[in-house]
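When a residue number appears, it is its place in the shown sequence, counting from 1. Please read these numbers as outputs of a predicted model, since none were measured by experiment. Because only heavy atoms are used, hydrogens play no part in the values below, and waters and symmetry mates are left out as well, while side chains stay in.
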Amino acid sequence: MSKQQKLQQYIYKLDSSLLELKHWDLNLPLEQARKMDGVVVALADSQILSWINEINGTQDYDVKARDVKRQIKLLKRQETTDENRHKISSLYKELYRLQFREDYVSVVMKNNTHYARANKGFSINGIKYKRLLCTVGGVKMSTVVYVSERIHEELKKRLANNHDWSVPLVPAKYSAYEALSASGSNVVSWPMDGDSKIPGGTIVVRDVITKFLADFIDVDDSNYPCEPIVELKTDQEFENNANDGCGIMTVELAKRWNGELTGDYERPLCGCNLRNAFTKGMVFPFDIVRFAEVVNGASEDAQEKYLIEDVWGTKRDIRDAHLIITESQLKLWKSYSSWEHYYNSCIENKYTFRVAKTAANYEEMDEVRQLNYQFIAPLKLTREDVKDLIEPTVNEITDILGGDYRKTLVYLCGSRLNDDNVMYSDVVARAIMLNPRLVGDDYILNRISRMIKRRITDAKIGVLDVRGNFQILSGDLYALAQNMFGLPVTGILKPGEIYSRFWLDRDVEEVLCYRAPMSNEHSIVRQRICRDEGAQEWFKYMDSIAIVNAWDTMPAALNGFDYDGDLLFTTDNEALMRRQKNIPALRCIQHNAKKEIVTEENLIQSNLNGFGSKIGQITNRCTAMTSLMANYSEDDEEYKVLKYRTQCMQAVQQAEIKISVSPYSNV
């Protein structure tokens, strides 16, 4: 079953040079802007857009726009006449008017001077605009969101959500948390209604911090601009946040939200990425009440066994909640005195609970994905390894060109062709569907050959087919549940294990784990597939999720991942596994940004410091160094220097990935 989501809305995305050219007072009608490349852009619905519609009384734009689209579709089926063309043109103007949000403008800054001038205010079509926020993606692209002066103060008030401004924060991080309200997302119901014993049916709990002994390599870059210190630590204490960015939803809630999003109320979501005031992260279905009854020994006569303590020290009964999130998900929990304070502020400021993305269903998971050069370069592959590695890709190309029309169709249309999208597929593909013998026609063969040249070129630089896929990551929720109830934290998964229903069903013992971007051999980790029956029972609703143990260094090795929506690539490719060796992870000790009282001025400055992402440049330089290492033996001084530099570059990568707190921002 499927359920219609909100139609996209349109805004102006303007180059600051255009505003400067018009002396920051631009006249640009929508009809004219639509003819300009890249000026009118689509946005998915978000909390901010919902607020704007509510303030303007345009909440029903979606219903009206769908009706207009229906009228256009009917007219297009009729005979083409001047009258019909005029009607269709008028309806398109009405459609854009309904979906256009003049109160919201995105400005791409060409230089710092433009940014400073824009923050003094500017006008478009007689409407005055003020800076609202800058998203994490916007910082990287030097793009800032401005809204009309008429609604600016109200939106700023709602964004703040009554939090305590006296609590010091890192301005760049606060800017990112504020911008969560601009994430494309769909509305879902609150976990429980306001009459429940816990308002909103949500409990906020502590993160699980595990400590254990391990071998790892410290890359200490905290004394920038001095060169990083790289030091091997043997059998030393290592610390993990075992559920950084993830929490628990009941199976009942997972079914309800799936129904609200897709129309299917029978099947629970495997996981979803939440949005609310200063809230971000994944939640996964886990039977927490059953855990209390079976593992914590709760019974009807021992009600206290259902009790846990939230981050504010208040005792809560888990039977009164459908959602349990962690302190790493509610970013500003210290700025509220209690859950009730936070919840009542959300209701006052008209926040809705929202879902930014959902995990794939099990049957939608890919069987085959493609590598890239980063995943291959650190491994010392032999000619025989390379031959084995490229064989599936060579066979695929041969089959596409050589007459297996089914593989030709998959190449032309993708693996998810269905009755709903078949009419939008390539015309050649539709011709082959009607008559498979056409796959041997000279014209069609030539056309497919031209199309596949890019595929062949990509294969030469490492874009190769392997069995495997990307899965959303989760921490061990059993460990989180143990921690909530004050039990000794063991988790189900042992060091060196992940749980993946995909690989379990294929009887695979071990896989290689990757996370992009990566650049050196420390970032490829071999993990065993957990076959424990307890894991299969407790994680049975998470069948498309990769679940990570709480007791090894893999999160650090794979560029410091967390569980707020990060993806893990896994493969059981034999050629790669032959050459991979688990070596100590790199633990990158980062520069700590200063916390201060947040003001509009330091938010603006933090955006300015972060403008322009260098992650691609950093990664390319690092992988170039990794490639050069193949020219030397491990005893050569050149090899050792290059290895040191690639280790340091991982620290630079992580600093750039973090929320605009890199010491390299102005380098």
Side-chain angles (χ1 to χ4, degrees), residues 1-2 188 242-243 245-274 281-291 294 322-324 355-369 415-416 467-481 491-494 497-513 515 527-550 554 561 563-572:
M1 299 176 68
S2 63
V188 292
N243 66 283
C246 73
I248 290 170
M249 58 180 164
T250 64
V251 178
E252 179 185 345
L253 180 61
K255 289 181 178 180
R256 190 205 322 156
W257 278 354
N258 193 40
E260 292 170 1
L261 294 168
T262 71
D264 184 355
Y265 286 87
E266 296 300 318
R267 181 175 192 161
L269 289 168
C270 290
C272 60
N273 201 312
L274 297 181
M282 294 294 299
V283 289
F284 304 99
F286 185 90
D287 196 341
I288 190 64
V289 173
R290 181 169 176 268
F291 181 94
V294 174
H322 276 309
L323 184 70
I324 297 170
V355 169
K357 71 176 178 180
T358 58
N361 291 325
Y362 180 77
E363 60 272 10
E364 296 170 346
M365 297 177 69
D366 295 308
E367 283 284 344
V368 174
R369 287 299 294 259
S415 60
R416 293 183 181 148
R467 185 164 77 157
N469 54 42
F470 288 89
Q471 297 179 63
I472 289 177
L473 284 159
S474 170
D476 186 338
L477 298 185
Y478 195 90
L480 175 58
I492 291 183
L493 302 175
K494 298 179 178 61
E497 286 186 341
I498 63 170
Y499 179 81
S500 169
R501 162 84 185 278
F502 177 88
W503 293 114
L504 187 64
D505 286 352
R506 286 151 184 80
D507 202 27
V508 170
E509 296 288 338
E510 292 184 322
V511 293
L512 296 186
C513 302
R515 176 175 170 260
Q527 293 276 285
R528 300 183 305 278
I529 301 302
C530 175
R531 316 186 80 80
D532 185 90
E533 291 183 1
Q536 295 177 51
E537 175 60 27
W538 288 105
F539 303 145
K540 63 185 176 183
Y541 301 108
M542 301 168 63
D543 53 12
S544 66
I545 307 299
I547 303 168
V548 177
N549 76 78
M554 185 168 77
F561 69 67
Y563 308 108
D564 67 357
D566 287 0
L567 296 171
L568 183 73
F569 178 77
T570 53
T571 179
D572 67 338

Original post:
Who passes side-chain contact (heavy atoms from CB on, under 4.5 Å) against Asp566, sequence neighbours left out?
Top reply: Leu473, Arg515, Phe561, Asp562, Asp564
Subject >> Stepwise side chain to side chain contact (heavy atoms under 4.5 Å, CB included) test for Glu510 and Trp503 >> reply: CA-CA 9 Å; Glu510 292 184 322; Trp503 293 114; over 6 Å; no
**OP:** Would you please test Lys540 and Glu537 for salt bridge (charged side-chain N to carboxylate O under 4.0 Å, His left out) and show each step?
**Re:** CA-CA 5 Å; Lys540 63 185 176 183; Glu537 175 60 27; 3.0 Å; yes
Original post:
Just by modelled atom types, is the Val548 backbone N or O under 3.5 Å from a matching donor or acceptor in the Asp476 side chain?
Top reply: no
Original post:
Any donor-acceptor pair under 3.5 Å linking the side chain of Asp532 with the backbone of Ala535?
Top reply: yes
Which heavy atom of [X] sits nearest to which heavy atom of [Y], and what is that distance?
X: Ile547; Y: Gly475; value: CG2-O, 3.5 Å
X: Pro285; Y: Cys270; value: CD-O, 3.2 Å
X: Asn273; Y: Gly565; value: ND2-CA, 3.9 Å
X: Gly271; Y: Met249; value: CA-CE, 4.1 Å
X: Leu504; Y: Cys530; value: CD1-O, 3.8 Å

**OP:** Please test Arg506 against Glu367 for salt bridge (charged side-chain N to carboxylate O under 4.0 Å, His left out), starting from the C-alpha separation and ending with a verdict.
**Re:** CA-CA 11 Å; Arg506 286 151 184 80; Glu367 283 284 344; 2.4 Å; yes
**OP:** Would you please test Asp507 and Arg531 for side chain to side chain contact (heavy atoms under 4.5 Å, CB included) and show each step?
**Re:** CA-CA 9 Å; Asp507 202 27; Arg531 316 186 80 80; 2.7 Å; yes
Report yes if some heavy atom in the side chain of [X] is under 4.5 Å from a heavy atom in the side chain of [Y]; otherwise report no.
X: Ile472; Y: Leu567; answer: yes
X: Arg467; Y: Val508; answer: yes
X: Leu493; Y: Tyr499; answer: yes
X: Phe284; Y: Met282; answer: yes
X: Trp257; Y: Thr358; answer: no
X: Arg256; Y: His322; answer: yes
X: Lys255; Y: Pro268; answer: yes
X: Ile529; Y: Glu509; answer: no

**OP:** Determine whether more than 12 heavy atoms belonging to other residues, nucleotides or ligands lie under 6.0 Å from atom CZ of Phe569.
**Re:** yes
Original post:
With a cut-off of 6.0 Å (strictly less than), are more than 12 heavy atoms of other residues, nucleotides or ligands near CD of Glu533?
Top reply: no
**OP:** Tell me, please, which residues at least two apart from Glu266 pass side chain to side chain donor-acceptor pair (under 3.5 Å).
**Re:** none
Subject >> Pairing residues for Gln536 by the side chain to side chain donor-acceptor pair (under 3.5 Å) criterion, not counting sequence neighbours >> reply: none
**OP:** List the steps, then state whether side chain to side chain contact (heavy atoms under 4.5 Å, CB included) holds for Asn469 with Thr571.
**Re:** CA-CA 7 Å; Asn469 54 42; Thr571 179; over 6 Å; no
Original post:
So, is the end of the Arg290 side chain (NZ or CZ) under 6.0 Å from the ring centre of Trp538 and within 45° of the ring's axis?
Top reply: yes
Original post:
Would Tyr478 and Phe291 count as a close aromatic pair, with their ring centres under 6.0 Å?
Top reply: yes
Original post:
Do you know which of Leu253, Val283, Leu480 makes side chain to side chain contact (heavy atoms under 4.5 Å, CB included) with Ile248?
Top reply: Leu480
**OP:** Under the salt bridge (charged side-chain N to carboxylate O under 4.0 Å, His left out) rule, what do Arg267 and Asp264 come out as? Steps first, then yes or no, please.
**Re:** CA-CA 6 Å; Arg267 181 175 192 161; Asp264 184 355; 5.8 Å; no
Original post:
Going through the checks in order, is the side-chain hydrogen bond (donor to acceptor under 3.5 Å, both in side chains) test met by Ser500 and Gln471?
Top reply: CA-CA 9 Å; Ser500 169; Gln471 297 179 63; 3.1 Å; yes
**OP:** Would you check, one step at a time, whether the test side chain to side chain contact (heavy atoms under 4.5 Å, CB included) holds for Asn549 with Gln527?
**Re:** CA-CA 10 Å; Asn549 76 78; Gln527 293 276 285; 3.5 Å; yes
